[in-house]
Amino acid sequence: MSAEARTAGHGTERAAATAAPVRRRGEALESAIYGAVLQQLTTDGYARLTMEGVAAAAQTGKAALYRRWSSKEELVMDALRASLPPAGAAPDTGSLRGDLLAVVTGLRTAMFSELGAAVRAIMSEMDHQRARAFLELVLERVVEPTTALIAEVLDRGTARGEVRPGAVTPLVTDVVPALMLYRIKMCGGGAVELDPAAIVDEVLLPIVRP
């Protein structure tokens with residue numbers, strides 16, 4: 001065999017080694033798969049996402065996916081469920097405005113993260129019936145915990161005299177998520193346009209102050 005042939009052969013072997021699946025198990029493998037799902041949802045959308053594409057991006061074999069998930073819908077649902085932030089404790093900055101600003105900033109960060117971009121991609125291209133399960137998951141893990149935090153912050157403000165009695169209602173606690181979802185869906189609002197300080201100062205505080 002010539003030197004050129006040997007060199008070419010070594011190059012082919014290196015390429016094959018690079019393309020070979022990475023041997024991972026358990027949480028490390030799941031994390032890589034979920035990351036690949038979010039990336040493909042953001043760049044390609046739900047319709048073009050495939051089990052084969054996810055496996056390639058995660059550098060694993062298709063069999064590793066099919067052993068865990070029988071369809072891409074199940075895979076996407078689990079990827080979203082694993083990536084959604086857990087419910088946190090209500091912030092306590094010492095002031096009503098500071099607490100509300102922390103909650104609203106956290107919600108904006110979640111909605112405009114890679115996860116948020118993936119969720120928006122799903123909602124934009126799926127019919128209402130098929131998207132319902134994804135929407136319910138987002139409501140359960142993002143929106144409802146946020147409204148609960150807002151209610152807790154406002155209740156604390158009521159006890160301190162910063163919020164007028166009776167002002168804390170479900171409509172009031174729904175204002176921030178509803179506003180953000182509206183701006184994203186109907187107006188194409190970006191993260192920069194959704195200023196947490198403006199939302200707190202121009203919307204929330206005028207509604208609840210004594």
Thr60 and Leu65: CA distance, side-chain angles, deciding distance, side-chain contact (heavy atoms from CB on, under 4.5 Å) verdict: CA-CA 8 Å; Thr60 188; Leu65 271 64; 3.8 Å; yes

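- Minimum interatomic distance between Ala167 and Val172 (heavy atoms only, all atoms of both residues): O-CG2, 3.3 Å.
- Between the side chains of Thr93 and Asp99, at least one donor-acceptor pair of N or O atoms lies under 3.5 Å.
- Checked by atom type and distance alone, the side chain of Ser31 never pairs as donor or acceptor with a backbone atom of Ala28 at under 3.5 Å.
- A distance of 10.0 Å separates CE of Met51 from NZ of Lys62, quoted to the nearest 0.5 Å.
- Residue Ala82 comes nearest to Tyr34 through the heavy atom pair CB-CE1, 3.5 Å, listed as atom of the first residue, atom of the second, then distance.
- Distance check, rounded to the nearest 0.5 Å: CG of Leu75 to CD1 of Ile33 gives 7.0 Å.
- Arg81 pairs by the side-chain hydrogen bond (donor to acceptor under 3.5 Å, both in side chains) definition with Asp78, not counting sequence neighbours.
- Remark: Arg209 CZ is loosely packed, at most 12 non-hydrogen atoms of other residues, nucleotides or ligands lying under 6.0 Å away.
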Test log, rule side-chain hydrogen bond (donor to acceptor under 3.5 Å, both in side chains), inputs Gln39 and Thr43: CA-CA 6 Å; Gln39 180 184 23; Thr43 57; over 6 Å; no

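- Look at Arg156 and Asp92 and you find a salt bridge, because one of the NZ, NE, NH1 or NH2 atoms lies within 4.0 Å of a carboxylate O, short of that distance.
- Donor-acceptor pairing under 3.5 Å is lacking for the side chains of Thr158 and Glu162.
- In this structure, Leu41 CG and Arg48 CZ are separated by 12.5 Å, a value rounded to the nearest 0.5 Å.
- Shortest non-hydrogen contact noted between Ala36 and Ala57 is CB-CB, 3.7 Å.
- For Arg160 against Leu96, the heavy-atom pair with the smallest separation is NH2-N, 3.2 Å.
- A distance of 11.0 Å separates CG in Leu149 from OG1 in Thr173, rounded to the nearest 0.5 Å.
- Note: Leu49 CG to Glu73 CD = 12.0 Å, rounded to the nearest 0.5 Å.
- The backbone N or O of Thr105 lies less than 3.5 Å from a partner atom in the side chain of Thr109, making a donor-acceptor pair.
- A distance of 9.5 Å separates CG in Asp174 from CD in Glu144, rounded to the nearest 0.5 Å.
- Across all non-hydrogen atoms, the minimal contact from Leu38 to Ser83 is CD1-OG, 3.6 Å.
- Contact record, Lys72 with Ala47: NZ-O, 3.3 Å, taken as the closest heavy-atom pair.
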